[in-house]
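Since the structure is predicted, the reported quantities are computational estimates derived from the model, not experimental observations. Residue numbers count from 1 along this sequence.
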Amino acid sequence: MRVTICGAGRTGHLNAVLFKQVAGIEVSVLTNSTAVAERWASGDDLWRAETRDGRILSARPDHVGTDPAMALENADIVIITQPAQARPALLQRIASHLPRDKRVYVGAIPGFCGFDWLAAKAPSGCENVVIWGMKDVPHIAFDLVAGQRVRMGGAKAELFVALHRRESAADGAALAAMLNRLYEAPVTLLRDYLEITLTPGNALMHPAVLYALIGPGAPWENKPFDGPLCWWSDCPQAGAELLEACDAENQAIRRASEARLAIDLTSVKPLQQELIEAYGDQIADARTMYTLLRTNRAYADIHAPLVSNPHGPGLVIDRESRAFQEDIAFGQALLVTMAERLGVAVPAIAKTYRWARDYHGGLAEGAPDYVPTDWPEAA
């Protein structure tokens, strides 16, 4: 089986190493980094991944390059790990290079931010493409040195994927078979792609913590950080409480979607339950959202995106990080739009979204343009 991974970041690098541990898997990586591609082409350098117990897994991808024609040649499955803001241009770039003589499975990990809607707008001539997405990343990955090594955090106990509504049951069975070959955790096929779109994740989690750290009345409002801090083990109580409020509103969007579309979205569980089921005994104290976030070993050592303060000493939040460019500009924007169309009040989500846009100063307003204008009426 030939796998093409689009993106050589943390998730892409880790997946490439893990897939090469499986016999008979050929891995090609499409990257935007000429440095990473040139390093791979220059010799026999191995890509490495350090597990939580200190083991080093290593492998050499079969191909790493910047040319989509070469990276996608004869691909059976394409896994897009690039952030949501990079995916529209990526899909345009790869569409004409996808195999045409067989079914090719093009999916995103994670599959949030309406990837099914985005991929369905790809250029014509891609009728053989099967669109899918994964509910979340299979493993936490961090501390990347591009093209060399990455650290692997906690792994999910079970993986969930969904297909675009247009795809067939046979496509679903074939996809599940491929992914179950690639991953150790069992892969379950969901019934509707909205189960991924509405899964509580980064679009709720990162904005809530940011607001509690640097938003109105927060400890670091208009004040630089003295040093690095971790997203979750340093999460303030106010961040956990705001996250609970945002999560409750996401559940309201889920219930309204079920009622309007007459579908079952009960797999979209409250965030605390999702995390407990995903990480199990990696969580030392799951009594509250606050204790869960701060004691989840799978989240340990994951740093918030900080850069040097351009106006003096200390560190400030990186406005170019995925927390803004993906989680807010795409993830939160989509949730706000869905809530408006369904007539659901989401004051906590809307508050963090408005604040984040004002704080950043350069994010587009509104949902991504690939969201169907007639949703949910024509869903």
Side-chain angles (χ1 to χ4, degrees), residues 1-99 104 106-110 134 137-153 155 182-183 228 301-303 305-308 318 320-322 325-326:
M1 179 167 64
R2 181 174 172 85
V3 181
T4 297
I5 299 171
C6 297
R10 293 168 298 178
T11 297
H13 181 115
L14 179 57
N15 276 329
V17 174
L18 294 177
F19 294 166
K20 288 303 296 180
Q21 310 304 305
V22 182
I25 302 300
E26 185 176 347
V27 176
S28 176
V29 179
L30 176 64
T31 176
N32 289 326
S33 171
T34 55
V36 169
E38 289 171 356
R39 180 182 176 89
W40 176 87
S42 67
D44 297 324
D45 289 341
L46 297 177
W47 285 21
R48 294 177 173 83
E50 180 182 350
T51 66
R52 290 201 69 81
D53 59 7
R55 292 182 298 122
I56 302 295
L57 303 177
S58 61
R60 178 171 167 79
D62 299 280
H63 173 79
V64 179
T66 59
D67 182 354
M70 295 180 65
L72 291 159
E73 185 178 1
N74 202 34
D76 296 301
I77 184 169
V78 178
I79 299 176
I80 295 171
T81 63
Q82 291 183 327
Q85 68 269 22
R87 291 175 181 177
L90 173 70
L91 285 170
Q92 290 289 330
R93 184 180 171 213
I94 69 174
S96 62
H97 302 290
L98 293 168
V104 57
V106 178
I109 297 181
M134 187 173 284
V137 290
H139 311 81
I140 301 295
F142 58 105
D143 283 357
L144 173 73
V145 178
Q148 299 181 54
R149 59 179 172 81
V150 74
R151 292 176 63 189
M152 181 167 65
L182 293 173
Y183 293 105
D301 302 325
I302 301 176
H303 286 95
L306 301 179
V307 295
S308 297
D318 182 6
E320 299 309 307
S321 74
R322 291 174 73 155
Q325 302 296 332
E326 178 176 64

Straight-line distance of [X] [atom1] to [Y] [atom2], nearest 0.5 Å:
| X | Y | atom1 | atom2 | value |
| --- | --- | --- | --- | --- |
| Ser58 | Gln148 | OG | CD | 13.5 Å |
| Thr11 | Leu144 | OG1 | CG | 9.5 Å |
| Cys6 | Leu91 | SG | CG | 8.5 Å |
| Glu73 | Leu98 | CD | CG | 13.0 Å |
| Phe142 | Glu50 | CZ | CD | 8.0 Å |
| Glu320 | Gln85 | CD | CD | 9.5 Å |

**OP:** Assess whether side-chain contact (heavy atoms from CB on, under 4.5 Å) is satisfied between Thr81 and Ile5, documenting all intermediate values.
**Re:** CA-CA 7 Å; Thr81 63; Ile5 299 171; 4.2 Å; yes

Heavy-atom pair with the smallest gap, counting every atom of [X] and [Y]:
| X | Y | result |
| --- | --- | --- |
| Ala37 | Thr66 | CB-CG2, 4.2 Å |
| Tyr183 | Asn15 | OH-OD1, 3.3 Å |
| Ala16 | Val29 | CB-CG2, 4.2 Å |
| Ala84 | Glu326 | N-OE2, 2.6 Å |
| Leu30 | Ala71 | CB-CB, 3.8 Å |
| Gly7 | Gln82 | CA-CG, 3.9 Å |

**OP:** Start with the C-alpha gap between Val22 and Met1, add the side-chain angles, then the distance that decides, and say whether side-chain contact (heavy atoms from CB on, under 4.5 Å) holds.
**Re:** CA-CA 10 Å; Val22 182; Met1 179 167 64; over 6 Å; no

**OP:** Please test Ile80 against Val106 for side-chain contact (heavy atoms from CB on, under 4.5 Å), starting from the C-alpha separation and ending with a verdict.
**Re:** CA-CA 8 Å; Ile80 295 171; Val106 178; 4.1 Å; yes

Original post:
If you draw a 6.0 Å radius around CZ in Arg10, do more than 12 non-hydrogen atoms from other residues or ligands fall strictly inside?
Top reply: no

Original post:
Take atom CZ in Arg149; do more than 12 heavy atoms of anything else shown fall under 6.0 Å from it?
Top reply: no

Original post:
Who passes side-chain hydrogen bond (donor to acceptor under 3.5 Å, both in side chains) against Arg52, sequence neighbours left out?
Top reply: none

Original post:
Are any of the side-chain nitrogens in Lys20 or Asp62 under 4.0 Å away from the carboxylate oxygens of its partner?
Top reply: yes

Original post:
Is it true that Arg151 and Asp301 make a salt bridge, defined as a side-chain N closer than 4.0 Å to a carboxylate O?
Top reply: yes

**OP:** Identify the residue among Leu14, Val36, Leu57 that makes a side-chain contact (heavy atoms from CB on, under 4.5 Å) with Trp47.
**Re:** Val36

Original post:
Given Leu182 and Val3, is the side-chain contact (heavy atoms from CB on, under 4.5 Å) satisfied, shown in steps?
Top reply: CA-CA 10 Å; Leu182 293 173; Val3 181; 4.0 Å; yes

Original post:
Can you list every pair that meets ring pair (Phe, Tyr, Trp, His ring centres under 6.0 Å) and has a residue in residues 51-81, with sequence neighbours left out?
Top reply: Trp40-His63

Any non-hydrogen side-chain atom of [X] less than 4.5 Å from a side-chain atom of [Y]?
| X | Y | answer |
| --- | --- | --- |
| Arg93 | Pro68 | yes |
| Thr4 | His97 | no |
| Val137 | Ile109 | yes |
| Leu72 | Ile94 | yes |

**OP:** Would you check if the side chain of His13 reaches a backbone N or O of Ala49 as a donor-acceptor pair within less than 3.5 Å?
**Re:** no

Original post:
What residue pairs, at least two apart or across chains, pass salt bridge (Lys or Arg N to Asp or Glu O under 4.0 Å) with a residue in residues 25-43?
Top reply: Arg2-Glu26, Arg39-Asp45

